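Quick notes on the structure that follows.
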Amino acid sequence: MIRLENVCKAFGSNVVLDGFALEIAQGETVVVLGRSGSGKSVMLKHIVGLIRPDSGHVFVDDVDVAAADAKSLRAVRRRVALLFQTGALVNWMSVRANVALPLVERRQLKRAEINQRVEEVLAKLEMLDAADRLPGEISGGMRKRAALARVLVQDPAAILYDEPTAGLDPILARTVAALIQDVQVDRHNTALVVTHDLELAFAIADRIGLHSEGRLVELGPPDVFRKSQHPIVRSFLDGTMRTAASGGGNP
């Protein structure tokens, strides 16, 4: 469903993607690991056309996103939803209004239909009690769920998760991991998750890869990835595990 072919992107002298390649099948959950600031989020933004590559191709189904016109790009964004790391909720709108926003903007459903869909998604994520509160009045974990509700209400074929557990304590991070798994089981979406959270990666992934120096290395099932002898993978796994064991944060 999603395919990146030899994608290159630089910002000045900073090369972020250097021949990046990845293919994700419909219904698959792929996790791309990498240190903070390595360019994982830039890769996600290429898929929904927020950033255009310097060279290479990005396909969603048969649409070349980099070459797509405005109409085709809107169609891609209806099929592929990006869950931003910050959630990107509108602070002066209630949770309910935030979740309804993409449906209101599309003007394709009647208000009663929008309200019903919003209620169903909020109920599924156990957010009805917070529906009329503002984002600033709820916890960080609830804001993550509200942002996910806004994605799910659009019924996308694929969801791109940008560091979904960033800033959460370990208990909330495991809750978010379980939530992502539940969504995949319930809806059979395609999922691409970028993170540096190893626990999350091994909990949810069908395949795991590591983004390093602009490329993807050692992409494979979790058990294969864990046993990889690739020096970059071993350095990431061993260094991250040591940091977690010592009580420090992830890199």
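It should be emphasised that the depicted structure is a prediction, and the values quoted were computed from it without experimental measurement. The basis for the numbers below is simple: all heavy atoms, side chains too, and nothing from hydrogens, waters or symmetry mates.
Proximity of a side-chain donor or acceptor of Glu113 to a complementary backbone N or O of Lys110 within less than 3.5 Å is detected. Of the possible polar contacts, one joining the Asp197 side chain to the Glu199 backbone as a donor-acceptor pair under 3.5 Å is found. Judged by distance alone, with hydrogens and angles left aside, the side-chain atoms of Lys40 form no donor-acceptor pair with the main-chain N or O of Val194 at under 3.5 Å. Proximity of a side-chain donor or acceptor of Arg143 to a complementary backbone N or O of Pro135 within less than 3.5 Å is detected. Using a distance-only test at 3.5 Å, with no hydrogens or angles considered, no donor-acceptor pair links the side chain of Gln154 to the main chain of Leu103. A donor-acceptor contact shorter than 3.5 Å is absent between the side chain of Asp18 and the backbone of Cys8. Panel note: side chain Arg77, backbone Val48; a donor-acceptor pair is recorded below 3.5 Å.
Residues Glu28 and Thr190 bring no donor and acceptor atom of their side chains to less than 3.5 Å of each other.
Residues Leu50 and Val42 are members of one and the same hydrophobic cluster, defined by side-chain heavy-atom contacts under 4.5 angstrom among Ile, Leu, Val, Met, Phe, Trp and Tyr. Under a hydrophobic clustering in which Ile, Leu, Val, Met, Phe, Trp and Tyr are joined whenever their side-chain heavy atoms come within less than 4.5 Å, directly or via other members, Leu219 and Val224 fall into different clusters. By the rule that hydrophobic residues join a cluster once side-chain heavy atoms approach within less than 4.5 Å of another member, Val90 and Leu134 end up as members of separate clusters. When hydrophobic clusters are built by joining Ile, Leu, Val, Met, Phe, Trp and Tyr residues whose side-chain heavy atoms come closer than 4.5 Å, directly or via intermediates, Leu89 is not grouped with Met93. Hydrophobic clustering of Ile, Leu, Val, Met, Phe, Trp and Tyr side chains at less than 4.5 Å, counting indirect connections, unites Leu237 with Ile232.
Leu33 has its side chain within reach of Phe236: a pair of non-hydrogen atoms, C-beta onward, lies under 4.5 Å apart. Within the 4.5 Å cutoff, side-chain heavy atoms of Val193 are placed close to those of Pro164. Under the 4.5 Å side-chain criterion, counting only non-hydrogen atoms from C-beta, Glu120 is in contact with Gln116. Counting heavy atoms from C-beta on, the side chains of Leu148 and Val121 never come closer than 4.5 Å. Counting heavy atoms from C-beta on, the side chains of Val99 and Leu152 never come closer than 4.5 Å. Here the side chains of Arg79 and Pro156 are not in contact, with every heavy-atom distance at 4.5 Å or above. At least one side-chain heavy atom of Leu17 sits less than 4.5 Å from a side-chain heavy atom of Met43. Using a 4.5 Å cut-off on side-chain heavy atoms (C-beta onward), Arg106 and Arg78 make contact.
Arg207 forms no cation-pi arrangement with Phe225, by the criterion of a distance under 6.0 Å to the ring centre and an angle within 45° of the ring axis. Taking the ring centre of Phe11 as origin, the terminal cationic atom of Lys9 falls inside the region bounded by 6.0 Å and 45° from the ring axis.
A salt bridge links Glu5 to Arg3: at least one charged side-chain nitrogen sits closer than 4.0 Å to a carboxylate oxygen.
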For the pair Asp132 and Ser94, evaluate side chain to side chain donor-acceptor pair (under 3.5 Å) and give the outcome as yes or no after the intermediate values.
CA-CA 5 Å; Asp132 297 313; Ser94 69; 4.9 Å; no
*Pair His196-Glu163, side chain to side chain contact (heavy atoms under 4.5 Å, CB included): steps then yes or no*: CA-CA 7 Å; His196 58 261; Glu163 296 282 4; 3.3 Å; yes
query = Which is it for Phe20 and His46 under the ring-ring contact (aromatic ring centres under 6.0 Å, His included) test, yes or no, and what are the steps along the way?
reply = CA-CA 11 Å; Phe20 189 95; His46 276 77; 9.1 Å; no
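Interatomic distance, CG of Asn98 versus CZ of Arg150, reported as 5.5 Å (0.5 Å rounding). The CD1 atom of Ile204 sits 4.5 Å away from atom CD1 of Ile180, with the distance rounded to the nearest 0.5 Å. Separation of atoms CD1 (Ile114) and CZ (Arg96) is listed at 13.0 Å; rounding is to 0.5 Å. Going from atom CG of Leu22 over to atom CZ of Arg215 covers 14.5 Å, rounded to the nearest 0.5 Å.
Open room surrounds CD on Glu126; 12 or fewer heavy atoms of other groups in view lie less than 6.0 Å from it. Few gaps surround CG on Asp54; more than 12 heavy atoms of other groups in view lie less than 6.0 Å from it. For Gln26, the CD atom is densely surrounded, since the number of other residues' heavy atoms within 6.0 Å is greater than 12.
Closest of all the heavy-atom pairs between Leu128 and Ala123 is CD1-CB, 3.7 Å. Across Val16 and Gly39, no two heavy atoms sit closer than the pair CG1-CA, 3.4 Å.
Checked against Leu4 for a side chain to side chain contact (heavy atoms under 4.5 Å, CB included), the options Ile24, Leu216, Val58 give a single hit: Val58.
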